[in-house]
Amino acid sequence: MAPTRLASKSVNISQNMNGIMSHGITTRSKQLATLKSYKDSLKAPNKRKADSPLKDVTAKRAAFGDLTNAFNKSSGNEKCMTLKKVTVEGKILPAVKTIKPHTAVNGKTLKGRQLQKVAANAIESVQKHFVKDLPKPIATRAQNGILKNIVRKSLDKENQNQSQSSSAKSARSDVSEASLYTTALENNSSTYETKEEYKAISEKLDKVNLDDSDCRSLDEEVDIPHRVPAGVIDFDKENWNDPYQVSCYAMDIFNYLQSREPLFPIDDYLTRIKGITAWMRALLVDWMVEVQESFELNHETLYLAVKLVDLFLTRSSRKLPEREHLNKEELQLLGASALFIASKFDERIPPLVDDFLYICDGAYTLNQLIKMEIKIVKTIDFDLGIPLSYRFLRRYARCARVSMPTLTLARFILEQCLLEYSLVSLSDSKMAAAALYVALRMKNVSQWTPTLQHYTGYALSEILPIALLQNAVLHKKPKSAISTVRNKYSHSIFFEVAKLPLVDDALLTS
């Protein structure tokens with residue numbers, strides 16, 4: 001039995017409106033439209049603003065921000081040492097001592113050789129307890145950040161002290177809060193007992209890069225830099241200063257996604273499931289595309305939902321006995337639940353659970369939908385970070401600087417291939433690269449360039465067999481029962497790419 005389509009039964013206008021109001025179908029645009037005072041609330045004088053933290057209160061930052069922000073400030077002119085505690089991923093690093101010059105600690109005055117040992121021990125402590133557990137590029141940057149922040153604060157404090165009056169200078173030796181790192185970096189070597197001691201500690205600190213450049217090249221921070229070969233456009237380097245591009249991590253991110261693809265294999269699962277055919281799966285995916293359009297969902301949501309359907313059927317058919325396999329009556333429930341999960345993962349404002357019950361035309365209950373959702377996430381081991389062909393396509397197209405019509409054509413090819421059961425086992429990154437290649441040849445704008453080969457990691461010979469399969473899908477006679485994708489990309493907003501003339505296989509192989 002094929003999945004029930006939207007508006008499958010004829011209803012008059014009043015019944016249709018009553019159904020929509022009773023079921024509460026919601027989209028992002030409708031939610032905003034129903035907020036009568038939405039614009040007024042934005043202009044309200046009592047609108048809550050982000051409160052900046054007080055100066056005397058420690059403000060914690062996320063990830064590898066100011067790692068030295070957790071510290072206790074000494075009150076007044078009290079002569080004592082301050083302990084700085086750094087917490088990273090649940091570890092409390094050993095306290096870094098901030099010592100005032102010539103300050104008595106435990107009845108002893110630290111200067112000369114004792115100060116040298118304290119500075120050396122502090123550096124070794126940071127390296128031992130923090131740097132060793134991190135990858136080398138991140139460790140270098142984190143270590144530099146720790147020492148750089150301490151040095152910067154200490155130098156700022158020293159400059160303030162130097163600008164004070166002569167009377168304050170006489171008392172500064174007793175109440176100064178200059179960091180031990182500042183003392184170790186001072187040009188005046190009289191602090192140390194011998195010149196050899198000063199030279200030794202200076203060489204120790206010189207090994208730490210204290211450069212304050214915010215945009216250092218990644219090539220200077222890793223042993224094996226991401227160098228592009230000759231004739232390749234360095235897209236990441238050109239966008240290095242754009243924080244939204246995250247150029248210093250982009251190549252590593254997509255290499256990591258490619259390495260995760262073998263963790264989500266999809267085989268010929270329909271041979272193990274009775275009652276479900278490739279045609280039924282095509283009808284389900286076509287219906288899911290229609291839901292994605294109706295709810296104005298992101299394309300990533302659609303691709304993730306289709307991947308969840310295939311992964312669930314693959315893994316459940318392996319683990320469960322035949323009597324517990326999914327039947328055709330539950331196929332639409334599986335698609336709706338997969339869309340529900342993907343929406344909560346990818347959408348800023350996901351549709352409500354009642355919306356998914358409504359689009360199924362009341363065929364399933366709330367309890368059935370929730371149970372199927374739980375079954376899906378358990379079957380995939382709660383791992384929703386699945387590499388998607390749509391994400392790879394966006395990266396490849398941007399690196400190659402293709403036009404928006406060409407990118408849209410590649411999206412149409414990729415989305416049309418979602419309906420093909422024979423292509424579900426192929427690599428998502430290869431599918432994206434092949435779709436882009438077919439689009440370039442259909443638009444006759446380019447071939448497979450060295451830039452594309454570098455960023456995709458595939459030569460033309462590796463993706464050409466998949467490109468030929470995708471071209472064969474485009475040449476199939478359209479069927480009215482599964483025409484949602486073709487109708488969608490025939491609209492002017494998508495540059496009517498579905499209406500473009502097709503090309504022969506000879507053009508792809510030439």
N-O pairing of [X] and [Y] below 4.0 Å:
{"X": "E324", "Y": "K319", "value": "no"}
{"X": "R227", "Y": "D234", "value": "no"}
{"X": "D383", "Y": "K378", "value": "no"}
{"X": "E293", "Y": "K488", "value": "no"}

Check: Y396 ring centroid to F235 ring centroid under 6.0 Å:
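No.
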
Cut-off 3.5 Å, no hydrogens considered: what does the side-chain donor-acceptor table look like for residues 437-446, sequence neighbours left out?
from, atom 1, to, atom 2, distance (Å)
Y437, OH, L508, O, 2.4
R441, NH1, S446, O, 3.4

Checking side chain to side chain contact (heavy atoms under 4.5 Å, CB included) against L393, which of L388, I413, D428, L436 comes through?
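It is L436, the one option of L388, I413, D428, L436 that forms the side chain to side chain contact (heavy atoms under 4.5 Å, CB included) with L393.
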
Could you check whether Y458 and S429, counting side-chain N and O atoms only, form a donor-acceptor pair closer than 3.5 Å?
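Yes, side-chain donor-acceptor contact under 3.5 Å.
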
Tell me yes or no: between the side chains of D310 and Y421, is some donor less than 3.5 Å from an acceptor?
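Checked: D310/Y421 side chains show no N/O donor-acceptor pair below 3.5 Å.
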
Please step through ring pair (Phe, Tyr, Trp, His ring centres under 6.0 Å) for the pair Y249 and F254, ending with a clear verdict.
CA-CA 9 Å; Y249 302 119; F254 282 92; over 10 Å; no

S492 side chain to F495 backbone, donor-acceptor under 3.5 Å:
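No; zero donor-acceptor contacts below 3.5 Å.
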
Step by step, work out the side-chain hydrogen bond (donor to acceptor under 3.5 Å, both in side chains) result for S403 and T406.
CA-CA 5 Å; S403 63; T406 305; 3.0 Å; yes

